[in-house]
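Encoded as structure tokens, the structure appears first; notes follow it.
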Amino acid sequence: MNNSGNKHRILIVDDDSANIAILTNILKSDYIINFSLSGKKALDIIGSKVNPDLILLDIVMPEMDGYDVCAKLKENKETRDIPIIFITSKTETEDETKGFEYGAVDFLTKPVNPAVVKARVKTHIELKTSRERLKNQNQILEQKVKERTKELHETRLEIIRNLGRASEYKDKETGTHVIRMSKICRVLAIALGLDEDKVELIMNAAPMHDVGKIGIPDSILLKPGKLDNDEWEIMKTHTVIGAKIIGDHPSPLLQAAKLTALYHHEKWNGEGYPTNKKGKEIPEFARIVAIADVFDALTSPRPYKNTWTIDEAVSYIKEEKGKHFDPQLVDCFMHALSEIKEIKEKYADA
């Protein structure tokens with residue numbers, strides 16, 4: 001029985017109606033039998049009806065022999081997996097070799113032995129059924145793996161977002177800074193021409209940029225005024241602390257998050273921290289985060305400064321082109337400014 005609960009279908013292809021009658025009588029009690037007196041008509045039948053589960057195919061036929069029919073069936077992805085048993089009066093070894101090369105699964109010689117026909121047909125039907133069952137099981141397993149992988153990915157993203165929010169809450173933020181940051185980074189990455197995978201990577205890594213602030217004392221982090229030199233040196237360590245918190249992990253997302261946390265305060269001219277990297281020595285994602293972070297920080301309330309207007313922040317970013325910021329990214333920022341303003345408006349602090 002096939003998967004639908006009906007009998008399996010056998011297609012007999014032979015130019016001799018007597019041979020078809022013999023094979024039909026042998027198999028009709030166990031299978032649904034269709035037949036064709038030519039190879040060409042057999043291909044038409046297969047193309048217009050439900051595909052057979054197995055084909056008994058004569059080799060020597062006029063117009064189109066069994067080898068040609070077999071070759072046509074194997075070329076078509078819809079029929080290439082149908083098992084084909086050649087029926088022939090030929091017994092030479094080279095004929096069998098040629099048949100297997102064309103894709104046949106077995107041979108039966110004329111005159112046929114009913115017991116052998118039944119046994120061979122049953123064997124190959126069962127093999128086909130087993131292959132289909134295994135294929136279905138593999139597809140189910142693949143789907144489950146995809147679902148589980150997606151679930152793990154979403155869980156990892158949520159953990160990263162929450163860690164990012166944790167640093168912002170400690171800094172008396174509502175958590176919307178990391179949301180705006182990640183979305184501005186996405187806009188800048190698209191404007192820069194990065195591929196879709198990198199765009200998603202920077203958007204999801206960006207919320208971790210200030211996670212190291214968790215390790216900065218509140219007396220420094222929340223000080224309502226300018227930090228002294230010693231306090232500023234402690235504040236700068238949040239980049240290294242963040243990289244240590246994220247740690248070393250083979251995940252591309254966590255690797256990106258670590259680089260972003262460590263280097264987002266580096267400057268294009270080499271005067272940033274913690275390592276004074278300059279230009280393209282600074283990882284691309286960190287350069288993107290730098291401009292998004294500064295813009296949002298300037299235009300958001302902080303205990304140590306007044307909130308800048310968007311125009312003031314934009315003027316500052318233009319002034320810092322080639323100094324603090326990657327010149328190309330400043331151009332991208334200006335090109336995408338309307339989208340960035342929309343993000344600021346949509347995700348404004350409550």
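Sequential numbering from 1 along the given sequence is applied to the chain's residues.
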Please report, to 0.1 Å, the donor-acceptor pairs under 3.5 Å made by any side chain of residues 276-284, with sequence neighbours excluded.
unit_1	atom_1	unit_2	atom_2	d
N276	ND2	G270	O	3.4
N276	ND2	G272	O	2.9
E281	OE1	K278	N	3.2

With a 3.5 Å cut-off and sequence neighbours excluded, list the donor-acceptor pairs that the side chains of residues 323-338 form with protein atoms.
unit_1	atom_1	unit_2	atom_2	d
D326	OD1	Q328	N	2.9
D326	OD2	R287	NH1	2.7
D331	OD1	K321	NZ	2.8

Checklist entry - Going through the distances and angles, do Q255 and S251 end up as a side chain to side chain contact (heavy atoms under 4.5 Å, CB included)? => result CA-CA 6 Å; Q255 288 177 7; S251 162; over 6 Å; no
Item to check | Step-by-step side chain to side chain contact (heavy atoms under 4.5 Å, CB included) determination, T275 to E266 | outcome: CA-CA 7 Å; T275 61; E266 300 286 4; 2.6 Å; yes
Checklist entry - Could you walk me through whether K258 and D248 pass the side chain to side chain contact (heavy atoms under 4.5 Å, CB included) check? => result CA-CA 8 Å; K258 179 180 179 179; D248 295 317; 2.3 Å; yes
Next on the checklist: Before you tell me yes or no, could you show the steps for K198 and D195 under side chain to side chain contact (heavy atoms under 4.5 Å, CB included), namely the whole-Å CA-CA distance, both residues' side-chain angles and the distance that decides it to 0.1 Å?
Outcome noted: CA-CA 5 Å; K198 285 187 177 180; D195 63 43; 3.5 Å; yes
Item to check | K146 and E142: CA distance, side-chain angles, deciding distance, salt bridge (charged side-chain N to carboxylate O under 4.0 Å, His left out) verdict | outcome: CA-CA 6 Å; K146 286 180 181 178; E142 287 174 4; 5.6 Å; no
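Shown here are the side chain to side chain donor-acceptor pair (under 3.5 Å) partners of E147, two or more places apart in sequence or in another chain: Q143. For the side chain to side chain donor-acceptor pair (under 3.5 Å) test, residues two or more places apart in sequence or in another chain that qualify with E233 are K236. Not a single side chain to side chain donor-acceptor pair (under 3.5 Å) links E339 to another residue, sequence neighbours left out.
Between I82 and L73, the closest side-chain pair of non-hydrogen atoms is not below 4.5 Å. The closest side-chain heavy-atom distance from K7 to D30 is not below 4.5 Å. The closest side-chain heavy-atom distance from V294 to L298 is below 4.5 Å.
When the shell of 6.0 Å around NZ of K74 is examined, it contains more than 12 heavy atoms from other residues, nucleotides or ligands. Other residues, nucleotides and ligands contribute at most 12 non-hydrogen atoms within 6.0 Å of the NZ atom of K346. Atom NZ of K122 sits in a sparse spot, with 12 or fewer heavy atoms from other residues, nucleotides or ligands closer than 6.0 Å. With a 6.0 Å radius and a threshold of 12 heavy atoms from other residues, nucleotides or ligands, N229 has its CG atom at or below the threshold. Counting heavy atoms of neighbouring residues, nucleotides and ligands inside a 6.0 Å radius, atom CD of Q139 exceeds 12 of them. More than 12 heavy atoms of other shown residues, nucleotides or ligands fall within 6.0 angstrom of atom CG in D228.
Under a 4.0 Å N-O distance rule, the pair D81/R131 does not qualify as a salt bridge. Salt-bridge annotation for E63 and K40: absent, with no side-chain N of the basic residue lying under 4.0 Å from a carboxylate O of the acidic one. Salt bridge present: D296 and K344 bring a charged side-chain N and a carboxylate O closer than 4.0 Å.
A distance below 6.0 Å separates the ring centres of H177 and H209. When ring centroids are compared, W232 and Y273 come within the 6.0 Å threshold. H238 has its ring centre less than 6.0 Å from the ring centre of H264.
Taking CG of D53 as the reference point, atom NZ of K128 lies at 4.5 Å (rounded to 0.5 Å). Within the model, atoms CZ of F295 and CD1 of I340 stand 6.5 Å from one another, a figure rounded to the nearest 0.5 Å. Rounding to the nearest 0.5 Å gives a distance of 10.0 Å between CG of D15 and OG of S36. Between the CG atom of L134 and the OG1 atom of T129 there is a distance of 12.5 Å, given to the nearest 0.5 Å. The CE atom of M203 sits 6.5 Å away from the OG atom of S182 when rounded to the nearest 0.5 Å.
The heavy-atom pair separating I241 from G212 by the smallest distance is CG2-O, 3.6 Å. Here the closest heavy-atom approach between residue I288 and residue L192 is recorded as CD1-CD2, 4.3 Å. Closest approach of A261 and A243 over heavy atoms only: CB-N, 4.2 Å. Scanning all heavy atoms of the two residues, the minimum distance from N269 to G322 falls at CB-O, 4.3 Å. The two residues I202 and A189 have their closest heavy-atom pair at CG2-CB, 3.7 Å. The minimum heavy-atom distance between G39 and V69, with the atom names listed, is CA-CG2, 3.4 Å.
Criterion: ILVMFWY side-chain heavy atoms under 4.5 Å apart, direct or through other members. Under it, W268 and V314 are not part of a common hydrophobic cluster.
Results of the side chain to side chain contact (heavy atoms under 4.5 Å, CB included) test with F86 over T109, D58, L57, I55 single out L57 as the only residue that passes.
Without hydrogens or angle criteria, N25 side chain to A21 main chain gives a donor-acceptor distance under 3.5 Å. In this structure, the side chain of E312 engages the main chain of T309 through a donor-acceptor pair within 3.5 Å. In terms of modelled atom types and a separation under 3.5 Å, the side chain of N51 and the main chain of E78 share a donor-acceptor contact. Formation of a donor-acceptor pair under 3.5 Å by the D210 side chain with backbone atoms of K213 is not found in this model. A donor-acceptor contact shorter than 3.5 Å is absent between the side chain of R180 and the backbone of E345. For K223 (side chain) and K226 (main-chain N/O), a donor-acceptor pair under 3.5 Å exists by modelled atom type. With N204 contributing its side chain and E200 its backbone, the two residues share a donor-acceptor pair below 3.5 Å. Panel note: side chain S300, backbone A297; no donor-acceptor pair is recorded below 3.5 Å.
The other members of the hydrophobic cluster of I33, by chain and number, are I10, I12, I20, I22, L23, I26, L27, Y31, F35, L37, L54, L56, I85, I87, V105, L108, V112, V116, V117, V121, I125 (side-chain heavy atoms under 4.5 Å, ILVMFWY only).
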